[in-house]
Amino acid sequence: MSLRAELEQCVSAWAAQHFPDLPAEPWVRPCTDERHGHFQTHLAMVAAKATRQNPREMAERLARECELPKGWEKATVAGAGFVNFRVGPEALGQAIDALRQDPNLGIIPVKRPETIVIDFSSPNIAKAMHVGHIRSTVLGDSLARLLRRLGHQITRINHLGDWGTQFGKLLLAYRAAGRPPIEPDHAIDQLEEFYKKGHQEAESDPAKMAQARAELAALQDGDPERLKDWRLFCERSAEHFRRIYERLGIRFDSIRGESAYHEDLPRVVQTLLDRKIAETSQGAVVVRNPSIAEEPYLIRKSDGAFLYATTDLAAIQYRTEELKADRIIYVTDARQQLHFRWLFDTSKRWGVKTELEHVWFGTILGPDRKPLKSRDGTPLKLVDLLNEAHERAAAILTSKRPDLTPEDLGAKAELLGIASLKYADQLPNRNLDYVFTWEKLLAFDGNTAPYILNAYVRTRSILRKAGLNQRPSAPVKIAQPEEEVLARLLLRFGDAVELAAADRKPHHLCGYLYDLAGQYHRFFEACPVLQLPALRDSRLTLVGLTGDVLREGLSLLGIPTLEEM
RNA sequence: GCGCUGUUAGCUCAAUCGGAUAGAGCAUCUGACUUCGGAUCAGAAGGUUAGAGGUUCGAGUCCUCUACGGCGCACCA
């Protein structure tokens with residue numbers, strides 16, 4: 001348990017006893033300025049306001065009455081009614097001892113675990129994954145890792161776009177070309193070329209457009225030849241996705257795509273019509289709710305075709321009934337907010353009790369503050385992004401480590417390049433658009449993956465030199481300020497993980513890990529570990545714990561560590 | 001037109017849902033290498049939090065208005 005959580009219990013207990021009407025929110029926070037103390041509460045000011053009493057006197061009372069854990073200094077009062085707390089060196093050492101023996105590293109499992117479906121990534125068949133997929137993929141993966149770490153039961157679903165209207169145009173061009181073989185190595189390029197051709201033809205020629213619709217209808221009616229072609233497209237695309245996910249270190253529990261719900265769609269629409277939730281309008285089937293928007297929500301087109309809204313409704317049914325989901329989290333870009341408002345509202349009216357959440361994120365912008373594109377104006381392919389990350393990392397490695405074999409260099413470049421990319425993508429608050437530059441993304445200074453990995457590598461290096469073949473486990477004696485700050489920071493790991501998970505915002509964890517890596521570097525400068533026999537074992541424990549927390553924290557962000565750079 | 005969302009240091013971003021003197025990195029300048037890995041550390045400088053009102057002990061954060069931007073609004077996903 002973190003020091004904060006321990007103190008929180010004391011303060012909340014006091015609050016519950018004397019002011020039972022106050023909300024049970026977290027009252028204890030780390031001080032913004034450590035000159036005031038280690039932790040602070042503004043509870044007294046809130047309580048004083050509620051009871052029309054003097055805040056300063058209330059703070060004095062809290063400081064006097066609140067029972068603190070053993071080894072804490074007497075609480076002090078400052079400002080308008082803040083109460084400040086300081087933990088003593090002995091209690092701090094004991095807390096570190098407890099942390100050292102805690103396999104969870106201070107992460108407290110949730111009291112009520114849920115079964116949670118996380119729907120993320122979701123690329124489209126027959127198209128290359130591009131830069132627009134990276135945030136959903138990386139963010140969804142991290143949320144899955146964070147929530148699982150806190151004890152929830154997680155199902156990661158890749159809701160592939162494998163059944164859209166694009167297949168009409170694709171089939172049109174593919175069949176016109178005589179259904180040539182799709183080479184595994186260039187499958188996506190080939191498929192994109194066919195789609196482009198079919199699209200152009202259909203847009204410029206009404207007869208071709210009708211033909212494309214007929215192709216789609218034939219596919220959806222189960223024509224064996226079209227189904228065979230469609231399966232081939234899916235298999236080849238899946239191989240492309242698999243390679244990228246492999247490099248990103250991302251796995252799914254289910255890759256059930258839109259096609260899986262194909263047969264459920266008529267029933268979904270009919271049920272909504274029967275229950276008067278949906279109605280017919282201009283030949284289409286729509287759901288109305290003026291409090292959301294004037295325009296209705298379309299669930300069946302006037303030509304009888306279904307939309308992704310319908311598929312999503314069917315998917316909610318499946319995940320609720322078959323997967324027993326308590327909660328479904330969708331990770332998509334901000335532009336889909338309106339869609340999800342409709343989807344959630346419609347589901348509620350249908351009687352769905354599952355908690356539904358839309359975790360949305362902003363656009364990745366280029367240096368011109370417009371959505372990031374490749375040089376020729378097409379969407380930037382994810383493969384190209386990963387390759388460039390690899391190459392830039394390799395260039396830096398070559399200059400820093402000329403001794404590496406080509407194999408080692410390749411492996412390290414891959415790890416560092418991908419790590420930088422994933423970290424940079426999670427660093428900004430997900431709600432905001434952010435500006436992407438290669439310089440920043442693969443910078444190895446500042447708040448970056450290499451900076452944190454370097455701190456980790458330095459912990460490993462010391463442990464190697466110490467000749468330890470197991471985790472250091474000596475009791476910790478705090479001798480210098482840098483050690484004290486490091487120790488208190490280590491004890492905040494659980495809070496950081498909890499905050500990142502609760503907010504669905506991994507950037508909180510990035511900030512914590514950066515602080516920890518920075519403090520470790522300061523500790524490293526100020527506190528010799530191996531040279532001072534009296535403090536050696538204690539400091540080795542701190543070094544080992546720092547490494548453990550850095551590794552665990554990075555791993556929750558989907559970033560693996562390495563033993564040496 | 002309606003709705004969502006944003007504007008914080010020259011640039012890129014933080015600020016733990018209303019708390020104390022708004023913090024980092026990059027860039028600029030100054031220091032620390034006979035190093036437990038310098039991919040590091042210490043320091044300087046940089047701010048009317050877009051603007052104006054309001055709410056209260058207290059506002060970057062909440063409410064109103066204004067300016068400027070991004071995005072979304074029936075048959076794509």
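Residue numbers begin at 1 in each chain, while the letters A, B, ... track the order of the sequences.
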Q: In plain terms, say whether A:K196 and A:E192 are close enough for a salt bridge, that is, a side-chain N and a carboxylate O under 4.0 Å apart.
A: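 A:E192 and A:K196: not salt-bridged.
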Item to check | Atom pair distance, as rounded to whole Å: OH in A:Y514 and P in B:rC26 | outcome: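 It is 7 Å, rounded to the nearest whole Å.
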Mind calculating the distance between CG (A:L307) and C1' (B:rA74) to the nearest angstrom?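 Rounded to the whole Å, the gap is 9 Å.
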Would you say [X] stacks on [N], if stacking means ring centres under 5.5 Å apart and planes within less than 30 degrees?
X      : N      : result
A:H36  : B:rA20 : yes
A:F82  : B:rA20 : yes
A:F524 : B:rC36 : yes

_Quick check on ring pair (Phe, Tyr, Trp, His ring centres under 6.0 Å): which of A:W230, A:F306, A:Y261, A:F233 does A:W163 satisfy it with?_
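In the set A:W230, A:F306, A:Y261, A:F233, the residue that makes a ring pair (Phe, Tyr, Trp, His ring centres under 6.0 Å) with A:W163 is A:W230.
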key: B:rA24 and B:rU16, which share atom name P, separated by this distance in whole Å   =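 So the two P atoms sit 16 Å from each other.
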Quantified in whole Å, what is the P atom distance between nucleotide B:rG6 and nucleotide B:rA50?
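The same atom, P, in both gives a distance of 13 Å.
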I want to verify a distance call: between B:rC41, B:rU12, B:rA15, whose nearest atom is closest to the A:R522 side chain?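 Of the candidates, B:rC41 comes closest.
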Closest listed nucleotide, where the reference is the side chain of A:H42 and the choices are B:rU40, B:rG19, B:rA20: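 Nearest to the side chain of A:H42 among the choices is B:rG19.
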### Query
How about A:N84 and A:H38: does a side-chain donor come under 3.5 Å of a side-chain acceptor?
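A:H38 and A:N84 do not have a side-chain donor-acceptor pair below 3.5 Å.
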- Can a donor-acceptor pair under 3.5 Å be found between the side-chain atoms of A:N84 and the base atoms of B:rA20?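 It does, because a donor-acceptor pair links the side chain of A:N84 to the base of B:rA20 below 3.5 Å.
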Exercise. Classify the side chain of A:T311 and the base of B:rA77 as holding, or not holding, a donor-acceptor pair under 3.5 Å.
Key: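 Check fails, no donor-acceptor contact within cut-off.
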Practice problem: Might you confirm whether atom CD1 of A:I255 has over 12 heavy atoms from other residues, nucleotides or ligands at distances under 6.0 Å? | Solution: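 No - once you tally the heavy atoms of other residues, nucleotides and ligands closer than 6.0 Å, there are 12 at most.
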Here RNA chain B, pairs taken as Watson-Crick or G-U under 3.5 Å and shown with ( ), [ ] when crossing and | when to another strand, reads (((((((..((((.....[...)))).(((((.......))))).....(((((..]....))))))))))))....
